[in-house]
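To start, the structure itself, in structure tokens.
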Amino acid sequence: MASQLCLPVAPSLSSLKTVKPHFRDIQVGICVAIQRSDGRIHLALITEFKRENSCVTVEWVEKGVKKGKKIDLETIFLLNPALASAEHPKPSRSLASLSVAPSSTIRNRCMATSWIATIPQKNETPSEESLTVKVPSRPCLMKQKKSPCLREIEKLQKQREKRRRLQLEIRAQRALNVHTGNPNYEIMRMIDEYRRQLDSSKMSSLEPREDRRIYVCVRKRPLNQQETTMKDLDIITIPSHNVVMVHESKQKVDLTRYLENQTFCFDHAFDDTASNELVYQFTAQPLVESIFRKGMATCFAYGQTGSGKTHTMGGAFSGRDQDCSKGIYSLALSSAALLPVPFVT
Ligand SMILES: Nc1ncnc2c1ncn2[C@@H]1O[C@H](COP(=O)(O)OP(=O)(O)OP(=O)(O)O)[C@@H](O)[C@H]1O
């Protein structure tokens, strides 16, 4: 931290304003400890003091860039207990030193260890290495009654620390994912977890086909070799005999990922373990039988290229050879051959 930060040049002494006593030692031109949103504590120069709003504007230089922010006085006193203490002598206008509370003060203000920060003298050019922090051997004991505002700050601070811990865990997990070479590992794990919680009896159950004029079935194709090599995600689950679920990976504002599951209902849904025979049994076979009862029927496969229409209707491929005996066409012919020829008038 010290090597990256330096303070802006202090304004001239004549420009320093003294404030009312109940604001103790807060003045434009003094250096105070501030805490950044990422938890870092460092020194910054007070460049504006708004008494009516009980806040100050502080500035510092980071990697050559001048930065600033507004901070309320409660937070300033919390991080700079010496300023809040009535016994503490006023800070020297030379800005030679001041005490800075570490972040642990926020958690335990009764046993706070003071940090002394050495600031370059006015005639020294502030350099990146000029800001050093020393920890004194003697701890400074302070007892202060917490105001509701301070308690609120402490609460917020704790919540922030919790969020940061969570973020670190997520980042570590992501790093691990990258390490294992699968950027989809985390979401894959969530989908697996979801599938494990499903009622397996519902998944394998096959409800008898209802007698409807139109029957729409969906078949899930397993990932092929190329998709597996590419570590593509299998985002389809068949949780029951007529539902297809699509898992969508979403991200919250705090970067945690979660699954959003969309469900689609059909007359029948086959998972990737279903065989052509099973698909036939629940789709075309009842149609063949109805034809032999003088009915008329149409069966067709519809889907994106590569989704498995030929595999289902014509039979599984082994390289360039297709096992036609296991396709819907062939299975339909086989059942037709076993049925009695209808009486034609
Ligand atoms: N249920 C399944 N089990 C195993 N492999 C499958 C399954 N469904 C499809 N495949 C495989 O996926 C690949 C694509 O399938 P298929 O050729 O049947 O798709 P398609 O829908 O007919 O594509 P196109 O519209 O381009 O003709 C094939 O290699 C096939 O063997």
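Remember, it's 1-based here, ligands and their atoms both numbered in the order they're listed.
The shortest N or O to N or O distance between Pro222 and ligand 1 is not below 3.5 Å. When only interatomic distances are considered, the shortest N/O to N/O separation between Lys220 and ligand 1 does not fall below 3.5 Å.
In this structure Arg196 satisfies the side-chain contact (heavy atoms from CB on, under 4.5 Å) test together with Asp192, Glu193, sequence neighbours excluded.
Ligand 1 has Arg219 within reach: a non-hydrogen atom of the residue lies less than 4.0 Å from it. Under a 4.0 angstrom heavy-atom cut-off, Gly306 registers as being in contact with ligand 1. Within the structure, ligand 1 has Ser307 among the residues with a heavy atom less than 4.0 angstrom away.
With no hydrogens or angles considered, no side-chain donor-acceptor pair links Asp321 and Ser318 at under 3.5 Å. A donor-acceptor pair shorter than 3.5 Å can be found between the side chains of Asn261 and His247.
A donor-acceptor contact shorter than 3.5 Å is absent between the side chain of Asp254 and the backbone of Gln167.
Residue, atom and distance of the protein heavy atom nearest to atom 27 (O) of ligand 1 are Thr310 OG1, 3.8 Å. Closest to atom 24 (P) of ligand 1, if we only count protein heavy atoms, is Thr305 OG1, 3.3 Å. Closest to atom 19 (O) of ligand 1, if we only count protein heavy atoms, is Gly308 N, 3.2 Å.
Each of the following atoms of ligand 1 lies closer than 4.0 Å to a heavy atom of Gln304: 21 (O).
Here Asp234 contributes atom CG and Ile236 contributes atom CD1; the two are 7.5 Å apart, rounded to the nearest 0.5 Å. Note that the OG atom of Ser249 and the CD1 atom of Ile191 stand 8.0 Å from one another [nearest 0.5 Å].
Looking at His311, Lys309, Arg221, it is Lys309 that brings a heavy atom closest to atom 25 (O) of ligand 1.
Partner Phe270 forms a side-chain contact (heavy atoms from CB on, under 4.5 Å) with one of Val244, Leu278, Thr312 and no other, that one being Leu278.
Inside a 4.0 Å radius of atom 29 (O) of ligand 1 there is not any protein heavy atom.
In this structure, the side chains of Lys70 and Lys50 come closer than 4.5 Å at one or more pairs of heavy atoms.
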